[in-house]
K.L.:
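First the structure, then my questions, so here it is.
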Amino acid sequence: MERTDLIVRELSTGHVMIFDTEQRDLFLVDREKATSLSDRSPAAARELAEQGDAWHLRRDDLQAITDALAEIVLLG
Amino acid sequence: MVDDFRRRLVAIRDALYRLGRQTALLSLIEPTWKSKAEQADRVVLLFEAASEVGEFLERYYGEMPFVVRWPQDWDGADVGLVHQGTVERPETERAIRDLAGAVAAMNGAVSATANHRLLGPERDLAERVGAILPSSSGHELPLDPEHWRSRLMAPTQVIRGPKAIGLDPAFQPIVSLVEELPPVFGDRLEDAVPYFWNLSVREATAADLCLLSLFEYDGFPLAFYRDMAKQAQDEARHALYFLEEARRMLPELKATLSAENPLAQHLESSELLPIPAEGRLLYEAIWNMDLVERLILMHHDTETPAIPKLAEWIDSDFCRRYPEVADAFRVIRRDEISHSQIGNLWLRRLLPDPDDRRAAFGRARLLRGFFLLTAVRHHSDESLETLALDASRSRLKRA
């Protein structure tokens with residue numbers, strides 16, 4: 001199984017998600033920009049976010065999104 | 001001679017499970033619930049046959065445990081899975097046909113050469129396997145396929161399945177889930193019947209979660225793929241049942257609705273059943289999750305709570321008026337119990353440490369809403385960023 005302290009995954013939306021499992025922060029990088037990242041780490045993603053080239057969702061943001069959509073039943 | 005039979009049976013076992021995974025891809029892209037259910041039935045047949053051959057090899061030949069895997073360096077192109085996540089159906093069908101014919105040929109050879117008095121079990125096995133296979137084709141199954149030789153490995157997502165799959169033409173996607181929630185079950189026909197057809201889409205997507213997972217992940221014992229196949233078959237059957245039941249009750253539903261009712265007006269002008277704009281109802285969210293997240297958010301957090309809920313519904317006024325629906329709920333509840341057990345079993349095998357499981361639960365639940373939005377994004381003009389900002393600031397236009 002993949003390591004659980006850092007999750008890097010390509011999404012169907014054209015983003016690469018980098019999830020820092022310690023801080024519970026999520027970074028979204030465009031797939032094209034992600035290929036130029038020297039390492040796909042939260043630190044590298046954080047740098048990109050500071051430059052405006054990645055999108056940073058903090059734990060509180062993620063929780064607020066999940067709370068807002070809690071009534072949607074996932075599957076049958 | 002004995003080793004020759006062992007090698008042939010290993011090749012047959014491996015080809016059967018490979019056929020099961022290829023047929024799962026076909027079931028994923030089937031355009032109707034009926035054809036999806038039919039293909040899911042076939043997936044189960046193939047994995048059951050692979051399991052029977054596998055157990056025979058263990059009992060008679062002392063074959064060691066193995067894990068399921070695609071061939072080395074396999075990228076899915078030979079089964080029609082192309083780079084951008086779409087499926088070339090003719091290629092998938094051709095690959096299945098060719099492989100099934102090759103398995104049939106080798107199985108036929110086992111049957112024909114197992115003529116020693118002491119090889120009765122091999123003959124019987126070949127007869128049972130042969131019953132689910134087509135006629136032999138001109139293709140050959142490699143006897144000792146290097147690229148299919150299994151070594152133990154950790155479960156790994158080795159390929160991503162199709163990003164887009166079909167929706168039964170019975171439906172018309174209309175309003176987004178973030179704006180309007182689908183109906184919930186209730187005692188009135190105008191609650192229950194729309195609930196049934198919306199539920200049928202969710203059941204089909206649950207089938208797809210299982211089909212996608214058994215296609216994408218290498219490294220499990222055969223029992224995992226049998227479990228995913230069984231659940232896919234159950235869910236596809238449920239999807240077809242709820243769609244057919246909703247259609248059967250439509251005339252009665254229409255008779256109860258007033259002319260001013262928006263649903264009545266829709267049903268007057270269209271035969272299509274309205275569902276959320278996300279259509280395939282969050283398939284893209286599942287595509288974006290890994291297996292641990294799928295097992296937590298579906299098997300644990302959705303299937304398990306459905307078990308007591310179904311028990312309540314069986315005792316509802318609606319089910320007293322429609323006892324055949326109560327019977328269906330009883331069967332479905334039996335199935336959901338098995339699905340919850342399947343999820344629990346494989347989650348514990350993936351994460352045997354309770355602390356790791358606890359952390360995974362926290363992570364999956366935290367990301368749940370984000371994954372839902374990735375599905376919404378595919379059916380919206382808004383960017384993912386805007387959808388997330390609106391959701392995080394509770395600016396959803398919910399009816």
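Quick note on labels: first sequence line is chain A, next is B, and so on, each numbered from 1. Every heavy atom of this structure was used, including side-chain atoms; hydrogens, water molecules and symmetry mates were not.
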K.L.:
Under a 3.5 Å cutoff, is there a donor and acceptor pairing between the side chains of D61(A) and S392(B)?
P.N.:
no
K.L.:
So which atom in A68(A) and which in A391(B) form the shortest heavy-atom distance, rounded to 0.1 Å?
P.N.:
CB-O, 3.4 Å
K.L.:
Under a 3.5 Å cutoff, is there a donor and acceptor pairing between the side chains of T13(A) and H378(B)?
P.N.:
no
K.L.:
When rounded to the nearest 0.5 angstrom, what distance separates CG in L57(A) from CG in L389(B)?
P.N.:
8.0 Å
K.L.:
Would you compute the distance between atom CD1 of I65(A) and atom CG of D390(B) and round it to the nearest 0.5 angstrom?
P.N.:
10.0 Å
K.L.:
With a sphere of 6.0 Å drawn around CD of E22(A), does it hold more than 12 non-hydrogen atoms of other residues, nucleotides or ligands?
P.N.:
no
K.L.:
Where do M17(A) and F370(B) come nearest, in terms of heavy atoms and distance?
P.N.:
SD-CE2, 4.5 Å
K.L.:
For a quick test of reading the model, state the closest non-hydrogen atom pair linking T66(A) to L367(B) and the distance between them.
P.N.:
OG1-C, 4.3 Å
K.L.:
State, with a plain yes or no, whether a side-chain heavy atom of H15(A) is found less than 4.5 Å away from one of E385(B).
P.N.:
yes
K.L.:
Under 4.5 Å heavy-atom distance to chain A, tell me which part of A306(B) shows up: side chain, backbone, both or neither.
P.N.:
neither
K.L.:
Report which part of R160(B) has an atom under 4.5 Å of a heavy atom belonging to chain A: side chain, backbone, both, or neither.
P.N.:
side chain
K.L.:
Among the options S383(B), G362(B), A239(B), S200(B), pick out the one with the most heavy-atom pairs lying under 4.5 Å from chain A.
P.N.:
G362(B)
K.L.:
When rounded to the nearest 0.5 angstrom, what distance separates CG in L62(A) from CZ in F371(B)?
P.N.:
9.5 Å
K.L.:
Can you measure from CG (L26(A)) to CZ (R363(B)) and round to the nearest 0.5 angstrom?
P.N.:
12.0 Å
K.L.:
Roughly how far, to the nearest 0.5 Å, is the CG atom of N288(B) from the CZ atom of R9(A)?
P.N.:
8.0 Å
K.L.:
In Å, rounded to the nearest 0.5 Å, how long is the span from CG of L384(B) to OG of S12(A)?
P.N.:
9.0 Å
